[in-house]
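These values consider heavy atoms only, across backbone and side chains, with no hydrogens, waters or symmetry-generated copies. In what follows, chains are A, B, ... by sequence order, proteins preceding strands, each numbered from 1.
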There are 2 protein chains.
Amino acid sequence: MDTKILIVDDETLLVKGLKYSLEQDGYNIDTAYNGNEAIEKTNNQKYNLIILDLMLPGIDGLEVCQKVREKSQVPIIMLTAKGEDINKILGLEYGADDYLTKPFNILELKARIKAILRRANTQSTKIGEQVIQIDNFKINTLGRKVTVDTKEVNLTAKEFDLLLLLASNPGKVYTREQLLEKIWGYEYFGDLRTVDVHIRRLREKIEKDSSQAEYILTKWGVGYYFRKK
Amino acid sequence: MDTKILIVDDETLLVKGLKYSLEQDGYNIDTAYNGNEAIEKTNNQKYNLIILDLMLPGIDGLEVCQKVREKSQVPIIMLTAKGEDINKILGLEYGADDYLTKPFNILELKARIKAILRRANTQSTKIGEQVIQIDNFKINTLGRKVTVDTKEVNLTAKEFDLLLLLASNPGKVYTREQLLEKIWGYEYFGDLRTVDVHIRRLREKIEKDSSQAEYILTKWGVGYYFRKK
DNA sequence: TAAAATTTTAAAGGGTTTTTTAAAAAAGTG
DNA sequence: CACTTTTTTAAAAAACCCTTTAAAATTTTA
């Protein structure tokens, strides 16, 4: 999995060192040497994480942080000097996710990167209704199980996510693009046909007759939807 | 689950910031700006946690702490200035559960809140349910012992915690991230694979055939869960 | 009705995730 | 401090799922 990290700092040497070291760990690193460049890059690119120095020439780190936050919830690690007001940085006003005081230990930075990315990845699984019931269908979101007519059906992760999304909004038609984005993630560049195949497997598992679907229906030329009522 | 937290501090700005930030995390926040107000509120309301500044105008934090303790075992986190006598605060006399020196990192506060609530929650389930029995399984939460088919099995600390968590919610699928967070703690920077290895050892100890697990099951692409029924 | 566009179906290779194993590191104990 | 136990890390092997591809079937358009 490709993880893109933007490093923003005006200390060229530090940036280069960090870049090299993090690339060794398999991260995809982009760099910016001042606030304007950082903001520009974040506008044109999606990152999984931003490492942001507080003291920058021109637009400072806090401002960059704010600007980024206006548009996205990307995790941000702040690099600060000792004695800065940490509460302010991490607090509501700026909303960084973590910070490190310079000079920092690169191992610690790496540990924090790991932890933050891990957290970011799990928060997408929202905790909503625990059981969705539609007719003979029962979707148990905690156990990730589906029961059709008392019979328990085993779905793979993608199949389950797909069904859950569709069934959460009966009647709403999703295009393949939307499904890819919601379930595979916005960074996914795969084929649209992939969705079809998953839909087919789902149908095979939960429909009585998979070629006469009753629940997961096709909107010709548009996409798929779950039967309403 | 609605978790009510009372924040007691005379620094209006800090209180407001904390309130906002913790509300973002889904906590239900109440505030008090001096000792009297705090005592009054705790008399009329039950809280799951109290965050209490040591230095308060009028009745100070320690006194508030004592007064609260007379009536309840609600967890208390103390906010102190550097150099305070920590032992005294945490000791029997006052009985706070944890403390943080100002200025503190809000992430750290959040981590401690989580940890304390977790402790409080597991202690209450202990009282309610000292033995969990599922089929041939008996989990003795007080003695931290597990019996499988009359045979007593020796589990290490982590193994036991893992089993207890999973078995307390049969059927609920936990991701590795969730397990790390719940058992290893919020600030853990280690590897996700650690969970797998512990699961494997657990299986070896409690399953008849560890490669044909009957109790601790894998949800492919998601995580692990304890068999339901 | 034929052609074009879109969806369904089927199958296989490729890739990811999990399991297993082993050894290193850390923590606990006397 | 040395020994034992537990926990973590690492990497190979196995299990499983996903994606791709392409042909068949269906629906729409002309």
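For the pair A/Phe160 CZ and D/dC18 C1', the interatomic distance rounds to 18 Å; values are reported in whole Å. In this structure, the CG atom of B/Asp209 is 13 Å from the P atom of C/dT19, given to the nearest Å. With rounding to whole Å, A/Leu180 atom CG is found 9 Å from D/dT20 atom P. When rounded to the nearest whole Å, the span between CD of A/Glu159 and C1' of D/dT19 equals 13 Å. Spacing between atom CG of A/Leu192 and atom P of C/dA5 amounts to 17 Å, rounded to whole angstrom units. In this entry the distance linking CZ of B/Arg144 with C1' of D/dT6 reads 13 Å, nearest Å.
For B/Arg201 against D/dT8, a side-chain-to-base donor-acceptor contact under 3.5 Å is present.
For B/Trp184, whose side chain is taken as the heavy atoms from C-beta onward, the closest listed nucleotide among D/dT8, D/dC18, D/dT7 is D/dT8. Distance from the side chain of A/Tyr224 is smallest to C/dT8 among C/dT8, D/dT7, C/dT18. When distances are taken from the side chain of A/Arg203 to each of C/dT8, D/dT7, D/dT19, the shortest belongs to C/dT8. Closest to the side chain of A/Asp196, out of D/dC18, C/dT8, C/dA22, is C/dT8. Ranking D/dC16, D/dT8, D/dT27 by closeness to the A/Trp220 side chain, first place goes to D/dT27.
Rounding to the nearest 0.5 angstrom, the gap separating the OG1 atom in A/Thr147 from the CD atom in A/Gln133 is 8.5 Å.
Among the protein residues, A/Thr194 comes within range of the nucleic acid bases, having at least one heavy atom under 4.0 Å from a base atom. Note on A/Arg176: only backbone sugar-phosphate atoms sit closer than 4.0 angstrom, heavy atoms only; bases stay farther off. Within 4.0 Å (heavy atoms only), B/Val195 reaches no atom of the nucleic acid at all.
Note: A/Phe226 and A/Phe137 meet the aromatic proximity criterion, with ring centroids under 6.0 Å apart.
Here A/Ser211 does not reach the OP1 or OP2 of C/dT8: none of its side-chain N or O atoms lies under 4.0 Å away. For the pair A/His198 and D/dT19, the criterion of a side-chain N or O lying under 4.0 Å from OP1 or OP2 is met. Residue B/Thr156 places no side-chain N or O under 4.0 Å from the OP1 or OP2 atom of D/dT5. For the OP1/OP2 pair of D/dA10 and a distance below 4.0 Å, the side-chain nitrogens and oxygens of B/Arg193 include no atom meeting the criterion. Contact between the side-chain N/O atoms of B/Thr218 and the OP1/OP2 oxygens of C/dT17 is not found at any separation under 4.0 Å.
When the nearest nucleotides of DNA chain C are assigned to B/Glu204 and B/Gly223 by heavy-atom distance, the more 5′-ward of the two goes with B/Gly223.
Each of A/Arg201, A/Lys208, A/Arg200 was scored for a salt bridge (charged side-chain N to carboxylate O under 4.0 Å, His left out) with A/Glu204, with one residue passing: A/Arg200. The one candidate from A/Lys102, A/Lys16, A/Lys19 that meets the salt bridge (charged side-chain N to carboxylate O under 4.0 Å, His left out) condition with A/Asp9 is A/Lys102.
A cation-pi contact, defined as under 6.0 Å to the ring centre and within 45° of the axis, links B/Lys172 to B/Tyr174.
Side-chain N/O atoms of A/Tyr215 and A/Arg203 include no donor and acceptor closer than 3.5 Å.
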